[in-house]
Peer 1: 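Before anything else, here's the structure in question.
Counting convention: from 1, in listed order, for ligands and their atoms alike. Residue indices begin at 1 and follow the sequence shown.
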Amino acid sequence: MNESTQAAVPAAEEKPAKKPIVFSGIQPTSGSFTLGNYLGAVKNWGKLQDDCNCAYCIVNQHAITVRQNPQELKKNTLSAYALMLACGVDPDKSIAFIQSHVKTHAELAWVLNCYTQFGELSRMTQFKDKSAKHADNINAGLFTYPSLMAADILLYQTNLVPVGNDQKQHLELARDIALRFNGLYGNTFTVPEAYIPQTAARIMSLADPSKKMSKSDENTNATVFVLDPPETIVKKFKRAITDSEAEVVYREGKDGINNLISIYSAVTGLTAEQIQQDFAGKGYGDFKQAVGEAVAEELRPVREKYEQLMKDKAYLEECYRGGADKALHFSQRTLDKVYKKIGFLPYK
Ligand code: TRP
């Protein structure tokens with residue numbers, strides 16, 4: 001054969017760098033997200049989709065650790081799912097699913113429960129807080145909540161977990177469980193890391209800025225919900241608790257104003273310094289109005305998208321079924337590996 005007729009060997013193609021795997025979850029309670037959930041977490045989920053392989057989950061199995069009304073839970077789960085998409089999670093780019101649709105979560109959680117110590121779970125501050133709040137229903141699920149969360153994360157060989165500060169302790173525990181299991185049986189789980197983006201704001205209650213903004217706050221002025229109508233949002237900001245001074249500056253001891261500055265900054269992209277300059281000489285009233293309007297504008301397209309999605313139940317069904325199928329496919333591989341390592345007799 002003549003050398004010149006030989007097909008050229010294609011240059012060895014460089015393997016594209018593997019994208020990090022991201023997993024996060026949010027509870028369906030109330031069917032809406034707070035401004036804190038949005039600015040601190042869900043808004044960033046969408047932004048990660050191009051550079052990472054992401055899985056996002058509505059955690060209805062976690063939700064039943066406190067008593068739920070069944071009709072409400074069902075309705076809120078669908079609504080939280082739609083809202084997650086409205087906030088920018090794209091079901092074609094990411095795995096967007098509902099926890100109870102994917103059986104591997106409960107299955108791995110049981111196994112992980114047997115590799116999690118009573119002492120470790122007893123130290124979880126969320127357990128202590130929630131058991132104080134629901135003293136009449138301190139159930140075993142509330143106690144083992146972190147092992148289910150560890151299962152959520154570890155099933156997908158997750159590298160990064162975007163979470164708020166309040167979930168860091170649970171994530172640490174998930175890492176400890178992964179390391180312990182890997183130590184006993186050899187490499188099985190990727191050890192995940194918390195991903196707390198710098199831009200993710202920690203949003204405090206508008207009624208008591210020393211407390212985190214919470215879905216379950218009894219004071220209706222404390223919490224802004226993503227689905228609140230614009231007038232309500234503006235009204236809540238006007239009533240926000242601040243201090244007796246009159247200067248819009250970010251300073252220790254000015255929790256209320258600091259919170260409003262963080263929110264305004266998260267929404268407008270302005271720095272605290274720019275905000276201080278813009279509002280120099282103006283009163284708190286003007287500032288609160290501006291923050292309220294900016295937030296209402298930011299959330300308007302989210303609410304509109306949500307309303308449009310909620311009109312198309314068939315589309316939502318298609319999305320969450322597709323998400324669950326993909327999630328099962330991926331997570332089953334991890335679960336199979338785990339069952340094999342711990343010595344469960346294979347079914348076939
Ligand atoms: N515990 C989280 C919360 O209340 C929700 C959650 C469940 C989660 N599983 C998760 C978050 C896995 C990140 C990863 O906010």
Side-chain angles (χ1 to χ4, degrees), residues 20-30 32-45 48 52-66 68 76-77 80-81 83-84 87 89 94-102 104-106 108-109 112-113 116 121 124-130 133-134 141-178 189-197 200 202-203 212-217 223 226 323 327 330-331 334:
I21 298 174
V22 166
F23 184 97
S24 201
I26 189 161
Q27 294 216 24
T29 335
S30 90
S32 184
F33 305 152
T34 68
L35 180 65
N37 298 141
Y38 176 75
L39 292 178
V42 188
K43 186 181 174 189
N44 291 301
W45 292 4
L48 293 167
C52 306
N53 290 320
C54 304
Y56 298 122
C57 177
I58 303 297
V59 294
N60 55 348
Q61 290 172 312
H62 279 108
I64 62 163
T65 57
V66 303
Q68 303 285 335
N76 290 342
T77 302
Y81 184 83
L83 188 52
M84 171 169 81
C87 289
V89 169
S94 297
I95 305 181
F97 69 105
I98 292 162
Q99 192 181 30
S100 64
H101 290 168
V102 185
T104 46
H105 289 245
L108 182 62
L112 297 185
N113 267 332
T116 308
L121 293 171
M124 295 293 119
T125 54
Q126 182 175 298
F127 172 68
K128 292 187 214 166
D129 293 348
K130 286 203 179 173
K133 218 168 138 194
H134 306 275
L142 191 64
F143 190 60
T144 61
Y145 180 113
S147 345
L148 176 59
M149 178 161 160
D152 295 340
I153 297 167
L154 300 181
L155 277 170
Y156 299 89
Q157 305 294 344
T158 302
N159 302 106
L160 298 174
V161 185
V163 278
N165 252 319
D166 63 316
Q167 295 298 314
K168 260 170 83 179
Q169 198 187 24
H170 288 161
L171 190 76
E172 276 301 313
L173 182 57
R175 286 171 57 88
D176 290 343
I177 297 170
F189 298 124
T190 301
V191 182
E193 265 170 61
Y195 174 72
I196 303 179
R202 177 171 155 79
I203 308 300
K212 205 187 98 170
M213 185 179 279
S214 152
K215 272 184 187 174
S216 53
D217 207 306
T223 308
V226 170
F330 202 97
S331 60
T334 301

Peer 1: Can you list the ligand 1 atoms lying under 4.0 Å from a non-hydrogen atom of Ile153?
Peer 2: 12 (C), 14 (C)
Peer 1: Measure up the Phe23 and Tyr156 rings against each other and bin them: parallel (under 30°), tilted (30 to 60°), perpendicular (over 60°).
Peer 2: parallel
Peer 1: Got an N/O contact under 3.5 Å between Gln167 and ligand 1?
Peer 2: yes
Peer 1: Mark up the atoms of ligand 1 that fall under 4.0 Å of a heavy atom belonging to Val59, in ascending order.
Peer 2: 7 (C), 9 (N)
Peer 1: With backbone taken as N, CA, C and O and side chain as the heavy atoms from C-beta onward, which portion of Asp166 lies under 4.0 Å from ligand 1: side chain, backbone, both, or neither?
Peer 2: neither
Peer 1: Indicate whether the side chain of Gln126 and that of Asp166 have a donor and an acceptor atom separated by less than 3.5 Å.
Peer 2: no
Peer 1: Roughly how far, to the nearest 0.5 Å, is CZ of Phe143 from OG1 of Thr65?
Peer 2: 13.5 Å
Peer 1: Return yes or no for this condition: an N or O of Tyr145 is under 3.5 Å from an N or O of ligand 1.
Peer 2: yes
Peer 1: CG of Asp152 to NE2 of His62: how many Å apart, nearest 0.5 Å?
Peer 2: 5.0 Å
Peer 1: Report yes or no: does Tyr81 contribute a side-chain atom to a donor-acceptor pair with the main-chain N or O of Ala96 at less than 3.5 Å?
Peer 2: yes
Peer 1: Drop me the distance from His101's NE2 to Gln61's CD, to the nearest 0.5 angstrom.
Peer 2: 9.5 Å
Peer 1: Just by distance, no angles: are the side chains of Asn37 and Thr34 close enough, under 3.5 Å, to form a donor-acceptor pair?
Peer 2: yes
Peer 1: Please check if any side-chain donor atom of Ser214 sits under 3.5 Å from a side-chain acceptor atom of Ser216, or the reverse.
Peer 2: yes
Peer 1: I'd like to check whether Gln126 has a polar contact with ligand 1, where a contact means an N/O of the residue lying under 3.5 Å from an N/O of the ligand.
Peer 2: no
Peer 1: Within a distance under 4.0 Å of any heavy atom of Val161, pick out the atoms of ligand 1 and give their elements.
Peer 2: 13 (C), 14 (C)
Peer 1: How does Leu148 reach ligand 1, if at all, at less than 4.0 Å between non-hydrogen atoms: by side chain, backbone, both, or neither?
Peer 2: neither
Peer 1: Go through ligand 1 atom by atom and flag the ones less than 4.0 Å from a non-hydrogen atom of Asp152.
Peer 2: 7 (C), 9 (N), 10 (C)
Peer 1: Regarding atom 5 (C) of ligand 1: of the candidates Gly25, Ala194, Gly164, Ala63, which has the closest heavy atom?
Peer 2: Gly25
Peer 1: Where on Val163 is there a heavy atom closer than 4.0 Å to ligand 1, on the side chain, on the backbone, on both, or on neither?
Peer 2: side chain
